[in-house]
Amino acid sequence: MSERPPQLIMRKPSLDDLPPLILPEGFSIHTHDEKLDSLWEDLVEKSFGYRFSFDKFVRNGGHYRPEYVFYLAKNGRDIATATAVEKDEFPGEGWFRMVGTLPEARGRGAGKLVCTAALYSLRERGYQSCLLSTDDHRIPAIRLYLSLGFLPYMTHESHPARWEAIMKTLGREY
């Protein structure tokens with residue numbers, strides 16, 4: 001049985017060049033509170049196709065605080081989430097976790113808005129850069145991260161070939 005390769009890593013080397021955060025009419029950004037645990041679990045399940053416990057999410061890392069979990073709401077309904085923390089393995093750098101958008105809101109800019117809010121939060125907290133992990137099959141998410149200035153970051157011997165295949169799929173030079 002072969003071992004599953006580690007997730008891909010992407011890094012945004014500077015948080016100085018963030019796009020403006022302009023929310024269209026009817027959209028708002030807010031952060032987490034304990035009443036939203038099950039809402040986050042539902043949003044993540046619909047985004048990723050599996051149930052993930054909010055309690056487990058908090059225990060698994062990143063110096064969690066409720067104000068680090070962002071939601072984008074459209075007309076009062078939460079449609080996307082992103083979390084911006086720090087991970088012990090990469091001290092001093094921001095870390096994105098659990099970026100998800102409801103299927104019916106994909107491809108319309110929701111992910112970019114919630115990610116931009118999280119990036120602004122990291123910059124305001126003094127971070128200069130940000131990392132994230134993702135999977136090879138998450139092509140729309142990778143496209144989003146590239147549009148925000150994230151670049152492939154090699155931390156495993158399997159990464160160069162995997163990134164080459166992804167960039168070819170995206171029609172980009174590697």
Side-chain angles (χ1 to χ4, degrees), residues 7-12 15-87 93-127 129-151 166 169-170:
Q7 285 190 297
L8 297 167
I9 305 293
M10 297 183 81
R11 182 172 186 262
K12 182 168 177 54
L15 299 180
D16 291 336
D17 59 348
L18 299 179
L21 180 58
I22 301 168
L23 297 175
E25 187 173 332
F27 286 80
S28 61
I29 297 278
H30 65 95
T31 57
H32 192 79
D33 69 49
E34 62 194 32
K35 296 178 283 205
L36 298 176
D37 290 6
S38 64
L39 173 116
W40 182 91
E41 291 170 352
D42 290 344
L43 202 154
V44 165
E45 181 176 17
K46 290 173 183 167
S47 297
F48 294 98
Y50 61 86
R51 193 88 178 156
F52 198 83
S53 156
F54 188 79
D55 186 53
K56 182 178 179 184
F57 167 67
V58 170
R59 282 194 320 270
N60 283 343
H63 307 279
Y64 163 82
R65 290 175 59 175
E67 61 269 24
Y68 299 167
V69 179
F70 293 85
Y71 297 91
L72 175 71
K74 180 180 181 183
N75 298 323
R77 178 177 179 235
D78 292 307
I79 60 171
T81 186
T83 301
V85 293
E86 182 177 312
K87 198 170 180 177
E93 297 201 73
W95 185 265
F96 262 16
R97 297 189 64 215
M98 302 305 276
V99 175
T101 303
L102 293 179
E104 62 270 23
R106 290 183 188 147
R108 299 181 181 162
K112 189 167 192 169
L113 288 171
V114 77
C115 285
T116 300
L119 288 168
Y120 271 97
S121 166
L122 288 169
R123 188 170 75 183
E124 289 166 6
R125 290 171 10 222
Y127 292 98
S129 59
C130 181
L131 294 119
L132 60 83
S133 60
T134 192
D135 297 304
D136 303 53
H137 68 276
R138 294 184 44 85
I139 298 298
I142 291 170
R143 185 178 287 117
L144 165 65
Y145 302 143
L146 289 167
S147 79
L148 288 168
F150 283 86
L151 303 169
I166 289 166
T169 297
L170 291 171

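Fair warning: this is a prediction, and the values are worked out from it, not measured in the lab. Quick note: residue numbers are just sequence positions, from 1.
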>> Looking at every heavy atom in both Tyr127 and Leu15, which two are closest together, and how far apart are they?
In response: O-CD1, 3.4 Å
>> How long is the straight-line distance from OG of Ser47 back to CG of Asp42, given to the nearest 0.5 Å?
In response: 10.5 Å
>> Using side-chain heavy atoms (C-beta onward) and a distance below 4.5 Å, is Leu119 in contact with Pro19?
In response: no
>> Just to verify, what does Glu104 make a side-chain hydrogen bond (donor to acceptor under 3.5 Å, both in side chains) with, not counting sequence neighbours?
In response: Arg77
> Under the side chain to side chain donor-acceptor pair (under 3.5 Å) criterion, do Arg125 and Ser121 qualify, and how do the steps go?
Replying inline: CA-CA 6 Å; Arg125 290 171 10 222; Ser121 166; 2.7 Å; yes
>> Within the structure provided, determine whether Thr31 and Val69 are in side-chain contact (heavy-atom separation under 4.5 Å).
In response: no
>> So, taking the atom named CD1 in Ile79 and the one named NZ in Lys46, what distance separates them when rounded to the nearest 0.5 Å?
In response: 12.5 Å
>> Working note: Ile166 + Ile139, criterion side-chain contact (heavy atoms from CB on, under 4.5 Å); need CA distance, chi angles, decisive distance, verdict.
In response: CA-CA 8 Å; Ile166 289 166; Ile139 298 298; 4.0 Å; yes
> When rounded to the nearest 0.5 angstrom, what is the spacing between CE in Met10 and CZ in Phe150?
Replying inline: 7.5 Å
> What distance separates His32 NE2 from Asp78 CG, expressed to the nearest 0.5 Å?
Replying inline: 10.5 Å
> Does the side chain of Ile9 reach to within under 4.5 Å of the side chain of Leu132, using non-hydrogen atoms?
Replying inline: no
>> To check you understand the geometry: which heavy-atom pair defines the closest contact between Leu148 and Lys12, and what is its length?
In response: O-NZ, 2.8 Å
> Quick one: are Phe27 and Glu25 in side-chain contact, heavy atoms under 4.5 Å?
Replying inline: no
>> Quick check: closest heavy atoms across Tyr64 and Phe54, and the distance to 0.1 Å?
In response: OH-CZ, 3.4 Å
>> Show the nearest heavy-atom pair for residues Ile142 and Asp136, with the distance to one decimal.
In response: CD1-O, 4.1 Å
> Counting N and O atoms only, with roles assigned by atom type, does the side chain of Asp33 sit under 3.5 Å from a partner on the main chain of Lys35, one being a donor and the other an acceptor?
Replying inline: yes
>> Checking Trp95 against Ser133 for the side-chain contact (heavy atoms from CB on, under 4.5 Å) test, could you report, in this order, the C-alpha distance in whole Å, the side-chain angles of both residues, the deciding distance, and whether it holds?
In response: CA-CA 9 Å; Trp95 185 265; Ser133 60; 3.8 Å; yes
> Which residues pass the side-chain hydrogen bond (donor to acceptor under 3.5 Å, both in side chains) test with Glu93, sequence neighbours left out?
Replying inline: Arg11, Ser129
>> Given the ring of Phe48, does Arg138 sit roughly above its face, with NZ or CZ under 6.0 Å from the centre of the six-membered ring and within 45° of the axis?
In response: no
> In terms of ring plane angle, is the pair Tyr145 and Phe96 parallel, tilted or perpendicular, where the classes change at 30° and 60°?
Replying inline: perpendicular
> If you round to the nearest 0.5 Å, how far is NE2 of His30 from CG of Leu72?
Replying inline: 8.5 Å
>> In the structure I gave you, are the side-chain heavy atoms of Thr134 and Gln7 within less than 4.5 Å of one another anywhere?
In response: no
>> Within this structure, what is the OG1-OH distance for the pair Thr116 and Tyr120, rounded to the nearest 0.5 Å?
In response: 7.5 Å
> If you take all heavy atoms of Ala80 and Thr101, which pair is closest and at what distance?
Replying inline: CB-OG1, 3.8 Å
> How far apart are the closest heavy atoms of Phe70 and Thr81, and which atoms are they?
Replying inline: O-OG1, 2.8 Å
>> Do Cys115 and Val99 make a side-chain contact, defined as non-hydrogen atoms from C-beta onward lying under 4.5 Å apart?
In response: yes
